[in-house]
Colleague: 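I'd like to ask some things about the structure below.
The shown structure was predicted, so the numbers you read here are calculated from the model rather than taken from an experiment.
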Amino acid sequence: MLNNKKNKNGFTLLEGIVAIFLVTVGIGGAYTLISQTISSAIISSQKLIASYLVQEGIEIVRNIRDTNWLEGNNWNDGLSSGDWEADYKTQNLTQSYTGNFLNIDSEGFYSYSSGSPTIFKRKISISPEGDDILKVIVVVEWQERGRTHQIRAQENLYNWR
């Protein structure tokens with residue numbers, strides 16, 4: 001009598017190739033997902049920093065106006081029309097916009113004078129919109145992976161005093 005039973009103890013070559021293919025596709029998909037998540041987290045972090053730098057630019061201009069009031073000066077002294085660079089430490093519009101990168105110091109403050117270079121540039125544009133109104137536009141831009149990103153905000157400052 002002949003025994004027609006075949007030995008089924010191992011994988012065939014085809015089953016091994018299919019298993020390796022499925023594992024490779026799974027690992028590749030996981031790697032793609034992880035790298036996209038990390039990239040998105042980096043861009044989100046940069047957008048958050050840029051939005052804070054835009055807010056700070058508006059606050060610098062507002063602080064100059066308020067200081068003028070407190071010192072009895074004309075409300076718009078030091079707020080000339082044009083494109084400017086300013087940082088939190090100097091609290092004035094010190095130079096025309098030249099596209100310099102902001103630096104970050106060991107205390108976490110952004111300035112043009114000291115610290116480690118960052119990827120961010122900030123332009124503060126001021127233009128009069130009447131006798132008692134200044135239009136302030138702050139733009140922060142940076143490049144990441146060859147793409148330029150930009151956050152922009154506008155506020156009108158009034159001589160309401």
Side-chain angles (χ1 to χ4, degrees), residues 22-161:
L22 291 175
V23 168
T24 304
V25 168
I27 290 173
Y31 175 77
T32 301
L33 178 66
I34 289 169
S35 71
Q36 285 179 350
T37 301
I38 289 171
S39 177
S40 294
I42 290 169
I43 290 172
S44 294
S45 172
Q46 292 170 344
K47 284 182 180 180
L48 184 62
I49 292 169
S51 66
Y52 285 138
L53 290 172
V54 165
Q55 176 73 27
E56 181 183 72
I58 291 173
E59 292 295 330
I60 289 168
V61 176
R62 186 181 293 135
N63 191 32
I64 293 170
R65 178 201 60 187
D66 294 350
T67 301
N68 285 336
W69 281 336
L70 293 173
E71 293 177 352
N73 299 330
N74 192 9
W75 74 281
N76 58 356
D77 281 354
L79 299 175
S80 302
S81 181
D83 296 333
W84 302 95
E85 291 178 348
D87 59 54
Y88 182 77
K89 289 184 175 184
T90 59
Q91 288 294 314
N92 58 21
L93 305 175
T94 54
Q95 67 183 47
S96 295
Y97 180 74
T98 57
N100 292 326
F101 289 96
L102 284 161
N103 300 316
I104 186 168
D105 66 15
S106 60
E107 297 173 353
F109 290 105
Y110 288 83
S111 70
Y112 292 100
S113 57
S114 63
S116 303
T118 68
I119 58 173
F120 301 102
K121 296 178 183 180
R122 175 172 55 201
K123 178 171 68 171
I124 300 171
S125 300
I126 299 174
S127 60
E129 292 289 308
D131 291 338
D132 292 331
I133 303 171
L134 288 178
K135 179 168 74 171
V136 179
I137 299 172
V138 180
V139 177
V140 173
E141 69 177 22
W142 71 100
Q143 286 199 350
E144 194 271 329
R145 293 188 183 183
R147 292 181 30 207
T148 301
H149 301 274
Q150 189 179 82
I151 302 280
R152 172 188 168 110
Q154 174 183 329
E155 181 166 326
N156 291 334
L157 294 181
Y158 299 91
N159 182 18
W160 52 267
R161 217 166 181 208

Colleague: Please list every donor-acceptor pair under 3.5 Å in which a side-chain atom of residues 29-43 meets a protein atom from a residue at least two apart or in another chain.
Modeller:
| from | atom 1 | to | atom 2 | distance (Å) |
| --- | --- | --- | --- | --- |
| T32 | OG1 | G28 | O | 3.0 |
| S35 | OG | Y31 | O | 3.4 |
| S35 | OG | T32 | O | 3.4 |
| T37 | OG1 | L33 | O | 2.8 |
| S40 | OG | Q36 | O | 3.0 |

Colleague: Under 3.5 Å, is there a donor on one side chain and an acceptor on the other for E129 and N156?
Modeller: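 No, N156 and E129 have no side-chain donor paired with an acceptor closer than 3.5 Å.
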Colleague: Does the side chain of V136 come within less than 4.5 Å of I124's, by heavy atoms?
Modeller: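 Heavy-atom side-chain distance check passes, below 4.5 Å.
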Colleague: Please work out which of the three classes, parallel, tilted or perpendicular, describes the rings of W142 and H149, given edges at 30° and 60°.
Modeller: parallel
Colleague: To the nearest 0.5 Å, what is the distance between NZ on K135 and CG on L157?
Modeller: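 K135 NZ to L157 CG: 12.5 Å, rounded to 0.5 Å.
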Colleague: Measuring from W69:CH2 to N76:CG, what's the distance to the nearest 0.5 Å?
Modeller: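 With rounding to 0.5 Å, CH2 (W69) is 10.5 Å from CG (N76).
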Colleague: Strictly distance-based, threshold 3.5 Å: is any side-chain N or O of D87 a donor or acceptor partner for the main-chain N or O of Y112?
Modeller: yes
Colleague: Run the numbers on V61 and L79 for side chain to side chain contact (heavy atoms under 4.5 Å, CB included), then give the verdict.
Modeller: CA-CA 8 Å; V61 176; L79 299 175; 3.8 Å; yes
Colleague: What heavy-atom pair brings G78 and L93 nearest, and what distance separates the two atoms?
Modeller: O-CD1, 3.5 Å
Colleague: Taking the six-membered ring for Trp, are F109 and Y88 parallel (under 30°), tilted (30 to 60°) or perpendicular (over 60°)?
Modeller: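 Ring orientation of F109 relative to Y88: parallel.
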Colleague: Could you state the interatomic distance from CD1 (I137) to CZ (R152), rounded to the nearest 0.5 Å?
Modeller: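 Separation between the atoms: 4.5 Å.
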Colleague: Can you tell me if N103 and S111 form a side-chain donor-acceptor pair at under 3.5 Å?
Modeller: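 S111 and N103 do not have a side-chain donor-acceptor pair below 3.5 Å.
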Colleague: First locate atom OG of S45, then atom CD of E144, and finally report the distance between them rounded to the nearest 0.5 Å.
Modeller: 10.5 Å
Colleague: Between side-chain atoms of residues 48-56 and protein atoms elsewhere (two or more places apart, or another chain), which donor-acceptor pairs fall under 3.5 Å?
Modeller:
| from | atom 1 | to | atom 2 | distance (Å) |
| --- | --- | --- | --- | --- |
| S51 | OG | K47 | O | 3.4 |
| S51 | OG | L48 | O | 2.8 |
| Q55 | NE2 | E59 | OE2 | 3.0 |
| E56 | OE1 | R122 | NH1 | 2.9 |
| E56 | OE1 | R122 | NH2 | 3.2 |

Colleague: Write down the atom of S81, the atom of S127, and the distance for their closest heavy-atom approach.
Modeller: OG-CA, 4.0 Å
Colleague: Which heavy atom of L134 sits nearest a heavy atom of W75, and at what distance?
Modeller: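 Looking at all heavy atoms of both residues, the closest pair is CG-CH2, 3.6 Å.
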Colleague: For residues S125 and D83, report the shortest heavy-atom separation together with the two atoms involved.
Modeller: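 Where S125 meets D83 most closely, the heavy atoms are OG-OD1, 2.6 Å.
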Colleague: Using modelled atom types and a 3.5 Å cut-off, is there a donor and acceptor pairing between side-chain atoms of E85 and backbone atoms of N100?
Modeller: yes
Colleague: Using 0.5 Å steps for rounding, measure from the CG atom of N63 to the CG atom of L70.
Modeller: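 Rounded to the nearest 0.5 Å, the CG-CG separation comes to 9.0 Å.
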Colleague: Under the 3.5 angstrom rule, does the side chain of R65 hit a backbone N or O of N159 as a donor-acceptor pair?
Modeller: no
Colleague: Within the supplied structure, the quantity of interest is the number of heavy atoms (other residues, nucleotides, ligands) at a distance under 6.0 Å from R62 CZ; does it exceed 12?
Modeller: yes
Colleague: Report the C-alpha distance between I104 and F120 in whole Å, list the side-chain angles of each, state the deciding distance to 0.1 Å, and finish with yes or no for side chain to side chain contact (heavy atoms under 4.5 Å, CB included).
Modeller: CA-CA 10 Å; I104 186 168; F120 301 102; over 6 Å; no
